[in-house]
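Report on one structure; see the data block that follows.
This structure is a prediction, so every number in the text was calculated from the model and none was measured.
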Amino acid sequence: MSGEPNAPARDFIRDIVAQDGKAGKWGGKVVTRFPPEPNGHLHIGHAKAIWTSYGIAQDFGGTFHLRFDDTNPLKEEQTYVEAIQEEVAWLGCRWDGPVRFASDYFEQMYHYALELIRKGKAYVDDLSVEEIRAYRGSPREPGKNSPYRDRPVEENLDLFERMKAGEFPDGARVLRAKIDMAHVNLNMRDPVMYRILHAVHPHRGDEWCIYPMYDWAHGLEDSIEGVTHSLCDVSFENHRPLYNWFIDAINEGRDEPIHHPRQIEFARYNLTHTAMSKRYLRPLVERGFVRGWDDPRMPTLIGLRRRGYTPEGLRDFSRHTGVSKYPAVFEIALVEHFQRRHLNQIAPRVMGVLRPLKLVIDNYPDGQTEQLDAINNPEDESAGTRKVPFGRVLYIERDDFMEEPPKKFFRLSPGREVRLRYAYFVTCTSVVKNDAGEVTEIHCTYDPATRGGDAPDGRKVKATLHWVSAEHAVEAEVRLYDLLFTKEDPLDVPEGEDWTKGVNPESLTVIPDAKLEPAAAGRAPGWRCQFERLGYFCLDPDSTETKPVFNRTVTLKDAWAKEQKKGTGD
RNA sequence: UGGGGAUUAGUGUAACGGUAGCACAACUGACUCUGGAUCAGUUAGUUAAGGUUCGAAUCCUUAAUCCCCAGCCA
């Protein structure tokens, strides 16, 4: 990322796009696209890829397309074309024009294929899958020509036509490009362009019996749409010569050459403590390690959304991490940083006690209730204030009291005075314990002169505690999430060992009876807030009229927790 | 013993032959009615070895390491 925090993004792709613009390529136009296959949900890795393409279109005043790469009806489903649209829209990326489909270009591609056959650049091959594989050779050994490679053009035309008409069973024949079976790049060894598939396509029904292969289709889709900069994964770097070959072959002898996009590859990335590919995510769902694809622990977009992640935070993460060709591993802390940064600006504050400890103020009038003023968001004055009910019996956080406090523990302990946020100073006078010796209740006195939280005599306290009035408390379920895997690289396991063993057994902690101030009640699912001193939370769709359910999106930074971890707390 | 790419603090990413910078993380400290936020500061880097040059992260050579490629998947 460039030096200034708010400087425009700068990376090698943007440099290329800028150069092309300067050179007047494509009339200075910029068109990018995101081309998902509708066969699964998007994850945070896609989010960055989408933001790269969309962000570049935005930065250069270009347009951005959403196009489904639906060339394999065996693997694709309509539900995903709907889900993915929603996911991209949620991210905040707006595509130009309608949602596009590769399958809308099938006719055009077919005609291009006919042209190649007529030019002697493609042929129908009757070899079986196994034979094709065997004939392909290996990276170190050249392949050999198929015996069908030199079929006359007329025969190829006839056979291809009949393939399209559905005269042959699946797998009987394919159409291949005639390039070079000895090429060092395996992708150039007569790649398959069409295979026979008698399948029902989600978008085209049973119109087609032949379906284009990705390598044949993809470049053409970009060409047809006028995509100028076709951004993709580094693994397609080896395919670029093939895409160029196809377009050049089509353009050979053509009066009006078809558009030739420029493909630029960039590295995909990984995150620490998580796995991203479907291969690893699916078992988590199917074997019940998580509750589903939208489990808030999942790196899927629907999971992160449910957890309370904001698209703005994801966008900032995507932009600030830059683009490169090096297979980067980002620390999950960086993702969280951008979530906190955004949430801090927008999340209204609320007080909630996760592990309640009863606190009784002995000198507070029994039965009295006050409404105290609290600030909704110190980072946003326009968020205003609210009233919080206060009474003689309160709940405070168990962690905020220690009978025998270590040196760096500033919170409540016997004889110590602390502030109850927006309320009063209280001093702990005694504790009540059960038979097991656990503290079940603490007693305090309060100083009426400190109403609102300031002492007129100017005396200071070291800590401010959040609290909830017992009488007014709203009971809620709170789900605390931690790393899905404790290991940085969950896939790095010894030969033969099951990587799912690395799933963090404490990745979910359910608190059934948290106490919240009334302001947290009556909200709609998706509502985000900060529980003061604890973290950012988001109301889950599992909530009912009587029982809200909150997901912890991300914790607040916690200096005390860090101190404890260091073991220097006492 | 094939081809294509890549390598800058702990993690990412700038510097495009001319002072190696930024963010996150870590660590200090200030401030604070959130041990949050904010502010100030510290630690820490060019994969290695040669060469070209007044000057190299940048150009050249060699080596090392990592990623990708033998689907009728995308």
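When the nucleotides U34(B), A74(B), G35(B) are ranked by their closest atom to the side chain of R349(A), U34(B) comes out on top. Closest to the L334(A) side chain, of the nucleotides G3(B), C24(B), A74(B), is C24(B). Across G35(B), G3(B), A15(B), the shortest atom-to-atom separation from the side chain of V184(A) is found for G3(B). With distances taken from any side-chain atom of Y214(A) to the nucleotides A74(B), C72(B), C24(B), the minimum falls on A74(B). When each of U34(B), G3(B), U7(B) is scored by its nearest atom to the side-chain atoms of E532(A), the top-ranked nucleotide is U34(B). Of the candidate nucleotides A74(B), U34(B), C67(B), C67(B) has the atom lying nearest to any side-chain atom of P327(A). Comparing atom distances between the R136(A) side chain and each of A70(B), C67(B), G35(B) picks out A70(B) as nearest. Of the candidate nucleotides C73(B), A23(B), U34(B), U34(B) has the atom nearest to the side chain of T464(A). Between U34(B), C73(B), G36(B), one nucleotide has an atom nearer to the side chain of K557(A) than all others, and that is G36(B). Distances were taken from every side-chain heavy atom of M213(A) (C-beta onward) to each of C69(B), A74(B), U34(B); the shortest belongs to A74(B).
No aromatic stack links F330(A) and the base of G12(B), using centre distance under 5.5 Å and interplanar angle under 30°.
Partner assigned to G55(B) is none, using Watson-Crick or G-U wobble distances below 3.5 angstrom. Across all strands shown, the partner of C66(B) is G5(B), judged by Watson-Crick or G-U wobble contacts whose two distances both fall under 3.5 Å. Here G10(B) sits opposite C24(B) as a Watson-Crick or G-U wobble pair (both hydrogen-bonding atom distances under 3.5 Å). With a 3.5 Å ceiling on both atom-pair distances, U34(B) lacks any Watson-Crick or G-U wobble partner.
Taking the syn range as angles within 90° of 0, the glycosidic angle of G71(B) is syn.
Rounded to a whole Å, the CZ atom of F12(A) is 20 Å from the P atom of U58(B). Across the protein-nucleic acid pair, F338(A) atom CZ and G12(B) atom P stand 15 Å apart, rounded to whole Å. Here A26(B) presents its P atom at 11 Å from CD of E336(A), a figure rounded to the nearest Å.
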